[in-house]
Amino acid sequence: MLNNKHDDVVQLIDDVLQLAVEKRASDIHIEPTTSGCRTRFRVDGLLECTNNIPNGFKDRLITRLKILSNLNIAETRLPQDGHLHFTHEKRSINCRISTCPTIHGEKIVLRILYDKPTQINIENLGLLDSQLSIVKKNLSKPQGLILVTGPTGSGKTISLYSFLKHINTNTKNIVTIEDPVEIIINNINQLGINLKAGLTFAKALRAFLRQDPDIIMLGEIRDSETAQIAIRAALTGHLVLSTLHANHAIDAITRLTSLGISPINVSSSLQLVIAQRLIRKIHKKTFQGRTGIFECLHINEKSRFQITNSETISNNNLTTLRQAAKVKIGQGITTQEETERVLNYDNE
């Protein structure tokens, strides 16, 4: 029979999870302090404090969350990752959980994974009409490399899922290699890497290339080995979709060459580079929800010549992130202040 203290912790965790969903938070931060725990939700990209958890609950709260996530409760010195599930209004919701030791105890961050395959749609990302046309045109190609760039939390993974959903048919063998698999899509072969078991992006990609794929979604190009295999796949009859950390579309080309890809292979394989950010929308004078702003760099013959010869890419038809944001300001979707907040570190 459960004791009252246990019941209190179970109720506390449930209250936090339910409130996070009601606020449409993307992340829950549970941060140990000298007097207990601070709880914060990330809503539309910004953190906001919710409540403080008394010191007497801290250790039991963290232990309970680790049990729910099948983590090792005895291990407090090393980071751990896991998943937990809960129900909100008869709806099953999955969370990705990460623990990390701090001087006051283990900090826990839960990423709430809301989106279902039926809700993911390329039309709803926020691409301008001209950009949407470019993306669809490149997704219809049988081979080549399509990259989505941007910082962490800019919506890159959702964009990739929406692309896959757009091109998912029974005539295509589509495989994904992710860290971890966040959303399950019917009729697609999805694999989560397992670094502890030695299953890296590169090893998984090599294995899937022997399984007759048409389209490969690679969660992220992180290193030279993965980049080399991805480029080779794109050059040998596969459509490869992936993400890369770069601030702007043109920066992705420099990033690939810095990973050891020759300019000729970059120019031969690359079809499209998309840079994106998430920007808060206006609703009755308050911010509610976010939409994307994008750069879409289609690699044409002129661009290929410039890449091959290590010249600066010039593309007068490229709509920049700031220009895309101005369109949304003009449509009453967002504000100049929000644009400056999101693009504050971008030099344009």
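Fair warning: this is a prediction, and the values are worked out from it, not measured in the lab. For this chain, numbers begin at 1 and follow the sequence in order.
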Using only atom types and a distance under 3.5 Å, with no angle test, would you say the side chain of [X] pairs donor to acceptor with the backbone of [Y]?
| X | Y | result |
| --- | --- | --- |
| T334 | R280 | yes |
| S69 | I97 | no |
| N309 | F305 | yes |
| Q131 | I134 | no |

When you look at [atom1] of [X], are more than 12 heavy atoms from neighbouring residues, nucleotides or ligands closer to it than 6.0 Å?
| X | atom1 | result |
| --- | --- | --- |
| I73 | CD1 | no |
| D129 | CG | no |
| K107 | NZ | yes |
| K141 | NZ | yes |

Any link between I53 and V109 through a network of hydrophobic side chains (Ile, Leu, Val, Met, Phe, Trp, Tyr) touching at under 4.5 Å?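 In one cluster: no.
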Any link between L132 and L125 through a network of hydrophobic side chains (Ile, Leu, Val, Met, Phe, Trp, Tyr) touching at under 4.5 Å?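 They do share one cluster, since a chain of ILVMFWY contacts under 4.5 Å joins L132 to L125.
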Indicate whether the side chain of [X] and that of [Y] have a donor and an acceptor atom separated by less than 3.5 Å.
| X | Y | answer |
| --- | --- | --- |
| S159 | Q276 | yes |
| T226 | D223 | yes |
| H238 | Q143 | no |
| Q80 | E75 | no |
| E340 | Q336 | yes |

Below 4.5 Å, heavy atoms only, C-beta onward: do L244 and R222 meet side chain to side chain?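 In short, these two side chains do not touch, never coming nearer than 4.5 Å.
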Any heavy-atom pair between the side chains of L191 and T176 that's under 4.5 Å?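 A side-chain contact is absent here, since even the closest heavy-atom pair is not under 4.5 Å.
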Of all heavy-atom pairs linking G126 and T291, the shortest is CA-OG1, 3.6 Å
